[in-house]
Amino acid sequence: MARIRIKLRNTTKTLSVGALLIYLGIGVLFVCIFWQFSYLMIGKSLDDEDLVAHGEEKFSRTSQIEAARGRILDRDGNVLASDMEAYRIALITDSSYSNHVSDPEAAAEKIAEVIDMDEDEIEKRIKEGIEEERFQIELGKEGRELSYNDKKTLEEAEIPGIVFIAETKRFYPNGDFASHLIGYAEKNQDTGEFEGSLGIERAYDEKLKGQDGGLDYLKDLWGYIVPGTDSVAEAKNGSDVQLTIDSNIQMYLEDSLDTMEEHFEPEETFAVVADAKTGAILASGQRPSFNPRTREGFGESWLNMLYQHSFEPGSTFKVFGLAAAIDSGVYDPNAVYESGSYDVDGHTIYDWEPEGWGDITYNEGMQYSSNALMMILQEKVGEDKMLEYYKDFGFGQVTGSEFPNEQSGTLAWDAELQRKTTSFGQTSTVTPIQMIQGMTAILNGGKMKKPYIVESITDSESGEVIEENDETVVRQVISEEAADRTQDEINTFVGGSMERNPQYLLEDYEVAGKSGTAQVIDPDGGGYLKGDYQFLTSFIGYAPEDDPEVIVYYGVKLASKNKSDTWDIGVMPGFNPLMERTLKYLTVGEEDGESPEPVKIEDYTGKMISDVPAAANDSIQTIILGEGEEVVDHYPKNDKLLPYETFFIKTDGQLKMPDLTGLSKREVIMFGDFAGMDVTVEGEGYVNGQSIDPGIVLEDGQELKVTLSSNDPED
């Protein structure tokens, strides 16, 4: 092999060519490695990949800190919607895991006692999980959103293999309760975040949802957090939205809607209660409705009828034409006209009584709700000027509410016939919120108040009020004198000289208002629906009539049951109890002005009546069945009663018939169920007669017949 001699100073070394090449190769390799490390240290990238970022990606971790969604509250701070911890069931079916389902049949039996799922179906799913060698199975919708109490019950059952996964759900404690107004929020399947989908939940989604935070940190090779590398971005919880809704009045309203739905089985019905002086909405509801907690009924009606449903109102609209005529100086209550009909552009339009009532005064015509009179008044005011009045009252334009897609309604003014029929509430359309807004002008010296539903928005962490709403004057629509005179005229429409609408009279309060009966558009054939009682019946009323505190607007559309009652008694079955209970709850007319609180009812079985606080509460009506002193049974139990609701007590001793005078139909039915009696009810309104006199000893199987009255003085 060839050798190379190398002389170093005084020493000569001989190397083989192969060894020299090896040394050179090692040297070159060392230089390359050094160069590469230097390049990486300086450039911090390889093949265009950022090595720093790659390292951080490998060892850095981020944990999301979820922000709590803000609460929706009523005006007294009661929760209407909030986040709530819930639990999801999972069942481990892998037998190699120590804690697994060992007895599918026993597990299914215990779980079925808590969740709404058939025992056989639960057992089937567990066995399928075992056969398919899955680690765990879940039980779908029925196994989700369990409450803490449900979780605790299942834990106490000691079911092998059951585990609970904590999650957040949106909770609506009152169920079907102002549902379209409050709306609902649900988790987006892609982002996992709650999103408002309807009502306040949607309109104030950005303020309610808050901002998620996060925890960033580095982990070493063994999975431990590297000290000093953690960085926390705190979550910002959503703001609380407080509404003007009063939960007690809302309960009265929901109860009245149930009564109307049972009596009429209508296509639609709605009700709204407003503060007459400020325009604040105290309660609002509709049917069909839905339960935001279970979604039962959802999809039957998407519209929030208060703001998003427009319709031809009928004669309730006449109060605004009346106000315009008075403000214009063309209305004389004692002036006389010929009632019955009015010719318009080759058409004859009749009063609801086609033959009319002869020559009558303007005030009598208003009490009779004469269409002919309204067309005469519009002619006197002038059509252009009348259109301006309607616009000033807010019709044909949105109220500027918080809700998206608020409807403006339409003022049909193109043709002569449209203009004239608008005067009595046909052709043109309105929304309930517009009717409420317009009525505030008449009841507040001509100053129209903007209706509002949100009272305030508050930072849920600091308590700072971010936004606050109060009564707002939209404009002066008519003069104060004209408003007062209009109110005086409206005060004659219920039980006035013509004794019209006596069904709306209340014993303790003077109620005023205007009824309406409107034809309904045929959605298929155009024009109006034909046939008996194919209309929308409504009443907009206020009380007390001399100093209004409350406005209630109530409507029922296309009844399918007891149709003739929509003409004979209108919306009285729903309107009267709602108005009366609201006024009593607000202690209207009482000196102290303090609203009584709901009364908690415990189980008083076995106690003496004198030891039952609710029986002595002035705001609760107590009906006692029996002559003894010891409580044998009572209704309700372990619940609460709203002010002016009825508490039923059964005592020991002989059972004697109590006096049911003044009870509503719903309360009479409740009494029958409680007493175990068959009850037959005739009429509508409140009890004014019963087939078994008070004080009579009751016998088994005895039947009771009660008659109801609408508080008509002639009844």
Side-chain angles (χ1 to χ4, degrees), residues 253 256-257 260 268-277 279-286 305-307 309-324 366-367 369 374 390 393-395 399 409 423-426 428-444 448-449 451 477 483 486-496 500-501 503-506 509-518 535-545 548-557 566 569-580 582-583:
L253 182 143
S256 75
L257 287 173
M260 292 289 281
E268 293 173 345
T269 185
F270 66 85
V272 55
V273 182
D275 186 313
K277 299 185 184 300
I281 303 301
L282 303 178
S284 175
Q286 63 191 71
M305 293 182 70
L306 181 60
Y307 294 93
H309 181 53
S310 59
F311 51 89
E312 297 181 27
S315 294
T316 51
F317 193 70
K318 291 176 180 176
V319 297
F320 304 109
L322 169 65
M366 290 303 306
Q367 290 188 54
S369 194
M374 297 312 301
Y390 288 149
F393 273 113
F395 298 106
T399 64
S423 71
F424 52 87
Q426 296 285 173
S428 292
T429 60
V430 303
T431 62
I433 200 66
Q434 288 175 332
M435 293 291 288
I436 291 291
Q437 178 176 256
M439 185 58 77
T440 64
I442 294 172
L443 303 182
N444 288 281
M448 189 166 72
K449 307 295 179 71
V477 180
T486 302
Q487 189 176 332
D488 289 341
E489 288 296 297
I490 296 173
N491 289 352
T492 68
F493 296 172
V494 173
R500 305 299 303 167
N501 297 307
Q503 69 269 28
Y504 294 109
L505 292 170
L506 298 178
Y509 300 96
E510 294 180 323
V511 176
K514 183 72 186 77
S515 60
T517 303
F535 41 64
L536 180 145
T537 303
S538 62
F539 187 80
I540 187 164
Y542 55 85
E545 65 177 28
E549 297 281 346
V550 174
I551 302 171
V552 175
Y553 186 31
Y554 219 119
V556 59
K557 175 183 174 184
T566 58
I569 61 174
V571 297
M572 179 273 290
F575 178 92
N576 283 26
L578 175 57
M579 176 63 89
E580 184 172 39
T582 297
L583 293 170

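Sequential numbering from 1 along the given sequence is applied to the chain's residues. Because the structure is predicted, anything quoted here is derived from the model rather than measured.
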- line: Only one of V552, V550, L578 passes side chain to side chain contact (heavy atoms under 4.5 Å, CB included) with L583, and that residue is V550
- prompt: What distance do Y542 atom OH and M579 atom CE have between them, rounded to the nearest 0.5 Å?
  reply: 10.0 Å
- request: With F539 as reference, evaluate Y554, F270, Y553, F575 under the ring-ring contact (aromatic ring centres under 6.0 Å, His included) test and give the passing residue.
  value: F575
field: ring-ring contact (aromatic ring centres under 6.0 Å, His included) partner of F320, the single match among F424, F395, Y390
entry: F395
- prompt: Ignoring hydrogens and geometry, is there a side-chain-to-backbone donor-acceptor pair from S315 to S369 under 3.5 Å?
  reply: no
message: Rounded at 0.5 Å granularity, tell me how far CD1 in I490 sits from CD1 in I442.
response: 4.5 Å
query: Between atom CG of L322 and atom CE of M366, what is the distance when rounded to the nearest 0.5 Å?
result: 4.5 Å
message: Does either side chain, that of S515 or that of Y504, offer a donor lying less than 3.5 Å from an acceptor on the other one?
response: no
- request: Could you pull out the closest heavy-atom pair between Q286 and L257, with the gap in Å?
  value: N-CD1, 3.5 Å
- prompt: Which pair of heavy atoms, one from A543 and one from E510, lies closest together, and at what distance?
  reply: CB-O, 3.7 Å
query: Any idea which heavy atoms bring Q503 and M572 closest together, and the distance?
result: O-CG, 3.2 Å
message: Let me confirm one number: the CD1-CE distance from I436 to M448, rounded to the nearest 0.5 Å.
response: 13.0 Å
message: A side-chain contact here means heavy atoms from C-beta on lying under 4.5 Å apart; do M439 and V319 qualify?
response: yes
task: State the NZ-CE distance between K557 and M305, to the nearest 0.5 angstrom.
output: 7.5 Å
- prompt: Which pair of non-hydrogen atoms, one from P432 and one from L306, has the smallest distance, and what is that distance?
  reply: CD-O, 3.7 Å
statement: Minimal heavy-atom distance between I433 and P451, with the atoms involved, is CD1-CB, 3.5 Å
message: When you measure from the side chain of Q487 to the backbone of E545, do you find a donor-acceptor pair of N or O atoms at a distance under 3.5 Å?
response: yes
message: Looking at every heavy atom in both P313 and S538, which two are closest together, and how far apart are they?
response: O-OG, 3.8 Å
query: Say you draw a straight line from OG1 of T492 to CD of Q367; how long is it, rounded to the nearest 0.5 Å?
result: 4.0 Å
K449 (side chain) donor-acceptor with K277 (main chain) under 3.5 angstrom: yes
